[in-house]
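Report on the structure given below.
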Number of protein chains: 2
Amino acid sequence: MDNLDYGIIDLLRQNARAGYGDIGASVGLSASAVKRRVDRLIADGVIKGFTVQVDPAVDGLGTEAYVELFCRGTVSPQELQRILSTVPEVVDAGTVTGSADAIVHMRSRDIPSLEEALERVRNAPNVDHTRSAIVLSKLISRQPA
Amino acid sequence: MDNLDYGIIDLLRQNARAGYGDIGASVGLSASAVKRRVDRLIADGVIKGFTVQVDPAVDGLGTEAYVELFCRGTVSPQELQRILSTVPEVVDAGTVTGSADAIVHMRSRDIPSLEEALERVRNAPNVDHTRSAIVLSKLISRQPA
DNA sequence: GGTGAAATTTTTTGGGC
DNA sequence: GCCCAAAAAATTTCACC
């Protein structure tokens with residue numbers, strides 16, 4: 001992770017579909033060098049994936065919930081990650097201190113699809129139960145740079 | 001915005017660098033038809049951008065917490081919003097169903113700065129108490145718009 | 001680690017339906 | 001609006017520094 005890597009990541013954050021050639025022109029590398037670094041960043045887990053930012057109003061992702069996840073016995077973070085990454089409605093999640101094992105932030109089109117997604121989380125092995133708090137009104141939504 | 005558009009967006013959400021041909025194979029369209037739809041979705045502002053999901057530990061926002069907010073009496077959402085918007089560490093917040101009045105997602109550099117930010121939230125008028133869950137390991141971070 | 005060129009694959013354009 | 005096919009552009013591979 002040198003300054004070149006940070007530069008590449010910054011450019012990808014602004015536009016994940018930028019061409020390797022364009023990125024290279026900005027940071028001062030050839031397209032093939034950029035590709036090799038990006039491949040390495042993905043392999044090392046620094047870049048976790050490429051995604052698209054959709055207007056929530058148009059897409060109708062107005063329904064949100066914060067869900068506390070309680071597991072049976074011990075479940076590794078890797079296992080939880082594997083389970084949660086298969087549910088697209090999961091926007092954000094982490095293992096936490098306190099009585100719950102993890103907190104999961106979910107976003108969906110409406111209550112039925114939220115419930116359906118929640119079912120998929122609950123049906124995962126070792127998940128004992130969940131406690132949901134449905135968001136009534138959104139107060140803050142800041143986009144991390 | 002028909003079902004094909006939703007399908008395309010879902011696939012892009014999972015991998016924003018997927019080829020038009022691959023997307024087309026999944027939804028049943030040719031590459032050029034997919035491209036035209038994606039271009040239209042961008043032009044219409046439905047797709048706001050393409051971004052990359054980076055391991056938060058790398059960009060110096062590794063410390064996170066989910067905080068339940070309990071207020072004295074009734075506090076309007078507008079009042080809560082006014083309070084929370086003064087704390088930059090608040091990434092995301094909403095009033096919720098359940099015993100807590102609101103859930104607040106905070107992101108900070110380290111524990112001391114997180115604690116300091118939490119103090120500012122707690123000291124707001126009508127805030128009775130808070131219950132925090134510090135994030136131990138980040139599982140999912142999809143950074144929605 | 002990087003470069004540059006060749007091979008490959010994808011994107012993009014345009015005609016026809 | 002979509003498909004097919006051709007043209008243009010990008011990605012990806014690879015030998016060489």
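Numbered from 1 within each chain, the chains take letters A, B, ... in sequence-line order. Here the structure is a predicted model, which means the values were calculated and not measured.
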Covered region of DNA chain C, 5' end to 3' end, by chain A [heavy atoms, under 4.0 Å]: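 Result: C:dG1 to C:dT11.
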Touch check for A:R17, heavy atoms < 4.0 angstrom, all strands: base, sugar-phosphate only, or nothing?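 Sugar-phosphate contact only - A:R17 comes under 4.0 Å of backbone atoms but never of a base.
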Applying side-chain contact (heavy atoms from CB on, under 4.5 Å), can you list everything that pairs with [X], at least two apart in sequence or on another chain?
{"X": "B:S76", "value": "B:Q78, B:E79"}
{"X": "A:D22", "value": "none"}
{"X": "B:A102", "value": "A:L139, B:L69, B:L80"}
{"X": "B:S108", "value": "B:E89, B:S113, B:L114"}

Flag yes if more than 12 heavy atoms outside B:N3 fall under 6.0 Å of its CG atom; otherwise flag no.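 No.
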Contact list for [range], test ring pair (Phe, Tyr, Trp, His ring centres under 6.0 Å), sequence neighbours left out:
{"range": "residues 64-99 of chain B", "answer": "B:Y66-B:H105, B:F70-B:H129"}
{"range": "residues 23-53 of chain A", "answer": "none"}
{"range": "residues 15-43 of chain A", "answer": "none"}

Checking B:D101 now: which residues fulfil side-chain hydrogen bond (donor to acceptor under 3.5 Å, both in side chains) with it, not counting sequence neighbours?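 In terms of side-chain hydrogen bond (donor to acceptor under 3.5 Å, both in side chains), with neighbours along the sequence ignored, B:D101 is linked to no residue.
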What residues form a side-chain hydrogen bond (donor to acceptor under 3.5 Å, both in side chains) with A:E115, not counting sequence neighbours?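 Residues passing side-chain hydrogen bond (donor to acceptor under 3.5 Å, both in side chains) with A:E115: none at all.
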Nearest-Å distance for atom pair OH/P, residues B:Y20 and D:dA9: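 My rounded result for the distance is 16 Å.
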Where do N or O atoms of nucleotides 3-6 of chain D meet protein N or O atoms at under 3.5 Å, pair by pair?
unit_1	atom_1	unit_2	atom_2	d
D:dC3	OP2	B:S30	N	2.8
D:dC3	OP2	B:S30	OG	2.8
D:dC3	N4	B:R36	NH1	3.1
D:dC4	N4	B:S32	OG	2.8

Net bend of the helix from C:dG1-D:dC17 to C:dC17-D:dG1, end axes of five pairs each, nearest 10 degrees: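 Overall, the helix from C:dG1-D:dC17 to C:dC17-D:dG1 bends by 30° from one end axis to the other.
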Could you check B:D2 against A:D39 and say which one's nearest nucleotide on DNA chain D is further toward the 5' end?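 Here B:D2 is the residue nearer the 5' end.
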